[in-house]
Amino acid sequence: MLFTAPFVKLSLINLSLSHFLNTQEARQRGDSSSSSLIFKTSMAGTGIFTDILDGDVYKYYSDGEWKTSSSGKSVAIINPATRKTQYKVQACTQEEVNKVMEMAKSAQKSWAKTPLWKRAELLHKAAAILKDNKAPIAESLVKEIAKPAKDSVTEVVRSGDLISYCAEEGVRILGEGKFLLSDSFPGNERTKYCLTSKIPLGVVLAIPPFNYPVNLAVSKIAPALIAGNSLVLKPPTQGAVSCLHMVHCFHLAGFPKGLISCITGKGSEIGDFLTMHPAVNCISFTGGDTGISISKKAGMIPLQMELGGKDACIVLEDADLDLVASNIIKGGFSYSGQRCTAVKVVLVIKSVADELVEKVKAKVAKLTVGPPEENCDITAVVSESSANFIEGLVMDAKDKGATFCQEYKREGNLIWPLLLDNVRPDMRIAWEEPFGPVLPVLRINSVEEGINHCNASNFGLQGCVFTKDINKAILISDAMETGTVQINSAPARGPDHFPFQGLKDSGIGSQGVTNSINLMTKLKTTVINLPTPSYSMG
Ligand code: G3H
């Protein structure tokens, strides 16, 4: 059932992924009754993906092969929209983790000796296979994380582009080093030539989150591989099947055995075992505050962590309110607010608050609510516990007197978009991250009040400011304690080569293609010592 109320026309022109793909195919066959063909020609786990399935349980990937776990157990993946088991994956054991690590260590040694151009060539191949198979991968995203169909396709295509960009960037930045001369430092003559290059770390453990299981996996896999590392992937349970399909694309590209592995299972059984494994030389994690405990236990290895945010949107009196309203909708409600970079609190100067709230309300009314297959704007949140948490924040705001711009409505894991006006700092939603389609508005008396609210948060991922005065915008950006500030646009990680980092509890290290490659390498220097100073002349 699709809930569109007054804007049926809009939702009708929003073609679903299946409808879109099948209509294309039907057109080619001259068949006009295509609606019954949903996903038939591009099912997950079929065609080139049959090897990754054992009965109704997806296999894990180890030593270049798809395997069934010796545990004999599986983990169920619940479809957020239907709340029924959609898929099952292997519940891998600690022994299987040990085996994967052993192979990752040995495969990495020869991979580090593989020429850069060849590593890049394989990555380009994987990117092409991934993009060619976007339909079944997008289908699993729709089914296991309820991402709208069109956004699911975008995630896969964006991931292929990221891999290709990474291959090219790697060839450029890893193919260059530094050459230093000793006589630039006082007390030295030119007797030492110092050569620096970037070398791999070893085994990289990648743990992506449920909301971008493919894109935030390849954003870790591609830099790790181009830099000469091996890679062990632990997908999120919700999103695991999409990850397994994506890994199969790397398998088909022909990467060496053991270089890439994908271990599925319960965090309670293999989570700590993986993150504290002595073979791991780097952890790249995106997710919630589990990352804080991982970082405390990880030991002396480089960490790349992105742990969420409470991205503030500061709106000044002179802002273009139509632009602000569109960005609040895009920033606050795309993928039902389940993005770490979502706008999570609006801080608007009182004099323009009424007008802005009216504009946003009008746009909220146009959002379609329903199944991801039908490409609705708002779909079920990832789990019942997540929906319960969001509801807790809403009820707290209700008890403390927030103004509800729409009626609060929930069916199962589906929560209707909700704008909460007149939120005050004593309400939980002013500080906590709902990760759902619920957005608080705080009316502020001054820009300073907005900056103070933003900076009082434990998080510091991104923020945004809307004003026509670029000088003010720069001052505000400098004052905001966040990894990125967007001027006149909603927060966003992409394009994927931009640096992406969080301050405070939002993370450690910086992402983006170039920064990830650098983070997954270490510097090695060789110094040539000459018996006498030598100066190049002429
Ligand atoms: O959820 C966290 C992601 O890094 C956000 O990525 O800004 O592309 O939605 P995005």
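We count residues from 1, following the sequence as given. Both ligands and their constituent atoms are indexed starting at 1 by order of listing.
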- Task: Compile the protein residues with any heavy atom at a distance under 4.0 Å from an atom of ligand 1; present them by chain, then by number.
- Result: R158, N211, Y212, L216, E306, R339, C340, T341, A492, R493, F500
- Any cation-pi pair here, K147 with Y212, using under 6.0 Å and within 45°? yes
- Task: List for me each residue that meets salt bridge (Lys or Arg N to Asp or Glu O under 4.0 Å) alongside R119, sequence neighbours excluded, and say none if there are none.
- Result: none
- Query: Thinking salt bridges, do D161 and K131 make one under a 4.0 Å N-O criterion?
  - Reply: yes
- Message: Under a 3.5 Å cutoff, is there a donor and acceptor pairing between the side chains of K134 and S152?
- Response: no
- Query: Under a 4.0 Å N-O cut-off, is there an ion pair linking D421 with R443?
  - Reply: yes
- ring pair (Phe, Tyr, Trp, His ring centres under 6.0 Å) between H248 and H251, worked out: CA-CA 5 Å; H248 194 54; H251 168 80; 5.2 Å; yes
